[in-house]
Amino acid sequence: MTLWLLFYEFIKIGLFSFGGGYATLPFLYNLTTRYPWFDAATLGKLIAIAEVTPGPVGINVATYAGYLAGGVLGGVIASVSLVLPAFCIVVFLAKRFPNFHAHPIVIRAFYGLRPVVAAMVTMALWQIVRTAYGALTQGWDCLFGALLLVGLLLLSFKWKASPFLLLGIGALWGILLL
C-alpha cells in the first residue's frame, strides 16, 4: 500500500511542480503533514543532503524520501514517478509540436508561472528555516545563524567569494553547532 501511495503522491508532485527541484519542496512539506513517512525536521535534513550530493535537488530529495517510506524500492518508485509526468509531456509535445516552445501562448503561460514558482520556493524556504531554527534550543544559536547567513550573503554577492570557501564556513558552523 505504501508503494502505491508513494507512486501516486510523487506522480502528482512531478505533474504540478513547475520550476525545477525547489518547486517540489512545498509538496514534500505537505507530505509531512499527511503521512508518517518523515517529518518536517527530517525533510530539512533530506534537503541538506540533497544539496551536497550530485544531481538535481528535487530528484535527490524524492529518492531519499521514498527510501525512508518504502526502502530501496520506495526510493526507485518515488524517483521514477517524479520524473515520469515531465518525461511523457516533453516526449508528446516534441513529437506533435516541434515549435511548441516558441508559441506566444506558451511563452506567456511560462511568464505567468514565474511569480507562482517564486512564491512556492519562498514558502518552502520559510518552512524549512522555521523548522530548522525552531528546533534549536537556545535563542543565541538562531541569532548567530542569522548573522552567519548575512555574512555568507555578503561574501557571496558583494565580494564574490569562492563557493568552496562558503561551503567550508558553513561546514565549520555545522560542526561547531554539534
Side-chain angles (χ1 to χ4, degrees), residues 3-35 37-38 40 43-67 69 74-132 149-150 152-167 170:
L3 297 178
W4 282 109
L5 278 174
L6 274 172
F7 177 77
Y8 173 70
E9 291 296 338
F10 279 94
I11 211 151
K12 281 191 326 188
I13 292 171
L15 189 60
F16 293 108
S17 57
F18 293 94
Y22 292 109
T24 64
L25 299 181
F27 296 106
L28 291 169
Y29 186 79
N30 188 25
L31 289 181
T32 65
T33 62
R34 295 187 304 148
Y35 299 106
W37 299 335
F38 50 92
L43 178 61
K45 292 174 186 172
L46 292 178
I47 294 166
I49 292 169
E51 284 287 339
V52 297
T53 54
V57 172
I59 194 74
N60 287 346
V61 173
T63 304
Y64 297 136
Y67 176 77
V76 171
I77 288 173
S79 301
V80 170
S81 58
L82 183 73
V83 298
L84 189 62
F87 177 78
C88 293
I89 290 169
V90 167
V91 168
F92 174 78
L93 292 175
K95 293 275 188 190
R96 304 289 187 275
F97 308 103
N99 293 327
F100 178 77
H101 67 283
H103 196 280
I105 293 175
V106 173
I107 292 170
R108 285 187 293 231
F110 280 116
Y111 185 75
L113 283 173
R114 287 179 188 167
V116 174
V117 170
M120 289 173 58
V121 171
T122 303
M123 187 61 193
L125 175 66
W126 172 249
Q127 290 168 340
I128 291 165
V129 167
R130 191 177 61 186
T131 301
L149 175 64
V150 170
L152 290 176
L153 287 173
L154 283 173
L155 280 172
S156 179
F157 290 114
K158 185 171 174 121
W159 293 294
K160 309 291 186 218
S162 165
F164 296 111
L165 175 66
L166 300 175
L167 283 172

Heavy-atom closest pair, residues [X] and [Y]:
{"X": "Ile59", "Y": "Pro56", "value": "CG2-O, 3.3 Å"}
{"X": "Leu28", "Y": "Phe38", "value": "O-CE1, 4.0 Å"}
{"X": "Pro115", "Y": "Tyr111", "value": "CD-O, 3.6 Å"}
{"X": "Thr33", "Y": "Asn30", "value": "OG1-O, 2.7 Å"}
{"X": "Ala62", "Y": "Ala78", "value": "O-CB, 3.3 Å"}
{"X": "Leu6", "Y": "Gly74", "value": "CD1-CA, 3.6 Å"}

So, taking the atom named [atom1] in [X] and the one named [atom2] in [Y], what distance separates them when rounded to the nearest 0.5 Å?
{"X": "Ile47", "Y": "Leu25", "atom1": "CD1", "atom2": "CG", "result": "4.5 Å"}
{"X": "Ile11", "Y": "Leu15", "atom1": "CD1", "atom2": "CG", "result": "8.0 Å"}
{"X": "His103", "Y": "Leu93", "atom1": "NE2", "atom2": "CG", "result": "12.0 Å"}
{"X": "Glu9", "Y": "Leu82", "atom1": "CD", "atom2": "CG", "result": "12.0 Å"}
{"X": "Phe10", "Y": "Thr24", "atom1": "CZ", "atom2": "OG1", "result": "8.5 Å"}
{"X": "Leu84", "Y": "Ile89", "atom1": "CG", "atom2": "CD1", "result": "9.5 Å"}

Under 3.5 Å donor-acceptor, Ser17 side chain and Ile13 backbone: yes
Tyr8: side chain to side chain contact (heavy atoms under 4.5 Å, CB included) partners, not counting sequence neighbours: Lys12
Ring pair (Phe, Tyr, Trp, His ring centres under 6.0 Å) against Phe92, all qualifying residues, sequence neighbours excluded: none
Trp4 and Phe7 aromatic ring geometry - parallel, tilted or perpendicular at 30°/60° bounds: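 Correct class here is perpendicular.
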Pairs meeting criterion side chain to side chain donor-acceptor pair (under 3.5 Å) with involvement of residues 56-65, two or more places apart: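 Residue pairs passing side chain to side chain donor-acceptor pair (under 3.5 Å), neighbours aside: Thr53-Asn60, Thr63-Ser79.
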Exceeds 12 heavy-atom contacts within 6.0 angstrom, atom OH of Tyr35: yes
